[in-house]
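What follows is a short report on a single structure.
Both backbone and side-chain heavy atoms feed into the values below; hydrogens, waters and symmetry mates do not.
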Amino acid sequence: MDYRLDEIDKRILYHLALEARDTSAPDIAEEVNVSAGTIRNRINQLEERGIIRGYHADIDYERAEGMLTNRFKCTSAAADRAKLAKQILQIPGIVNIREIMTGKADLEIKAIGNDTRDLTRIGDAILELGVEIEDQDIIKREHFRPYQPYGPAETRHSPSVTDFMSLAGDAEIVELTVQERAPITGATLREANADGLLEEGLLVVALERDGEILTPHGETRLESGDLVTIFVHKGQSDRIESVFAPQEA
């Protein structure tokens, strides 16, 4: 890369990821203490350099017309995945394709269909291009949020619990963001267990880093900005929050 992001660029990306539709250049300019013209010029530069690749609406197709959203996990074994992805994108109903760097399934395809028969039609069209479908499932909804390290300082040290879902019985799933200077930052999961940072009965089930989902194991080292999904029992979520929050210097 021949272009390094500064704090103004990062703040622009944060706010556009948060809500591109209702965020104006003057809004961002006021926060970072520069002119609105500077913000517009920076946005143009970020677009020209391909850092901002587009602005896309988050559409609920089920609510719009009762349609189904399906995810196909596929293996292409193609030397030129990008070319194949463009071919797949021409299939009616395909709205998004991700090229995956790791794992057997190297293409993740999002498709919209009127019903299961329509989704079968899309799946058959994918197969005709020589792509193997490893798995598929119906998407209920998607959740988005901006990359916190690009945001204002106060958002980087906001409460660590970012999402919460209650399960049957006394089981809960909590998502926490690893903060700078937090007790657990820099520790492996094995070390965190040995030092008592993670209580008995807790289970780290997923870790998201820089937009990539990682499978956690004992030697996984937690870094600032990691989003960690943890299976806990009721009452443990309040205690564990402090482990992920920054300590005063």
Side-chain angles (χ1 to χ4, degrees), residues 1-60 82 85-86 89 95-102 108 110 141-164 174-187 206-214 220-229 241-249:
M1 291 181 59
D2 59 352
Y3 184 81
R4 294 182 63 85
L5 300 178
D6 62 16
E7 286 302 314
I8 296 176
D9 294 324
K10 292 177 181 178
R11 202 66 56 80
I12 289 170
L13 295 176
Y14 176 87
H15 283 289
L16 292 180
L18 182 66
E19 180 54 80
R21 178 184 57 182
D22 295 328
T23 300
S24 66
D27 292 336
I28 304 174
E30 182 178 355
E31 182 185 319
V32 297
N33 198 28
V34 298
S35 69
T38 296
I39 297 298
R40 295 188 188 97
N41 289 336
R42 292 295 189 95
I43 291 175
N44 289 336
Q45 291 178 24
L46 293 168
E47 291 174 345
E48 291 170 359
R49 295 178 181 275
I51 296 172
I52 296 177
R53 296 180 295 192
Y55 304 87
H56 307 284
D58 180 15
I59 302 171
D60 188 331
K86 291 178 180 178
L89 203 56
V95 296
N96 177 266
I97 299 177
R98 291 179 177 175
E99 297 181 44
I100 309 300
M101 295 289 291
T102 59
E108 189 173 286
K110 182 178 175 181
R141 64 174 60 91
E142 295 179 277
H143 303 270
F144 300 91
R145 70 172 190 157
Y147 182 52
Q148 281 189 303
Y150 284 0
E154 58 267 23
T155 69
R156 303 173 198 176
H157 301 292
S158 58
S160 296
V161 176
T162 56
D163 199 6
F164 176 89
V174 180
E175 287 187 346
L176 302 111
T177 300
V178 180
Q179 307 281 359
E180 292 184 8
R181 303 192 311 277
I184 203 167
T185 305
L207 187 150
E208 180 179 341
R209 177 178 298 160
D210 296 332
E212 181 181 358
I213 303 298
L214 307 177
T220 298
R221 192 171 299 278
L222 299 181
E223 301 178 2
S224 175
D226 287 351
L227 178 64
V228 184
T229 303
E241 181 178 352
S242 62
V243 177
F244 285 76
Q247 290 187 326
E248 295 297 329

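For Glu99 against Ala82, the heavy-atom pair with the smallest separation is OE2-CA, 3.5 Å. Listed here is the closest heavy atom pair of Pro183 and Ala245: CD-O, 3.4 Å. Taking every heavy atom of both residues into account, Pro246 and Glu180 meet most closely at CB-O, 3.1 Å. Annotation for His15 and Glu31: closest pair NE2-OE1, 2.8 Å, computed over non-hydrogen atoms.
Under the 4.0 Å criterion applied to side-chain N and carboxylate O atoms, Arg21 and Asp58 are not assigned as salt-bridge partners. Under the 4.0 Å criterion applied to side-chain N and carboxylate O atoms, Lys110 and Glu142 are assigned as salt-bridge partners.
Side-chain atoms of Ser24 and Arg40, non-hydrogen and from C-beta on, never get closer than 4.5 Å to each other. With a 4.5 Å cut-off on side-chain heavy atoms, Asp6 and Arg4 do not count as touching. A 4.5 Å side-chain heavy-atom check between Leu5 and Leu13 finds at least one atom pair inside the cut-off. Contact of the Arg42 side chain with the Ile8 side chain is registered, since non-hydrogen atoms from C-beta on lie closer than 4.5 Å.
Each of Ile43, Leu46, Ile12 was checked for a side-chain contact (heavy atoms from CB on, under 4.5 Å) with Ile51, and the lone residue meeting it is Leu46. Residue Leu207 forms a side-chain contact (heavy atoms from CB on, under 4.5 Å) with just one option from Thr229, Leu227, Asp226, and that option is Asp226.
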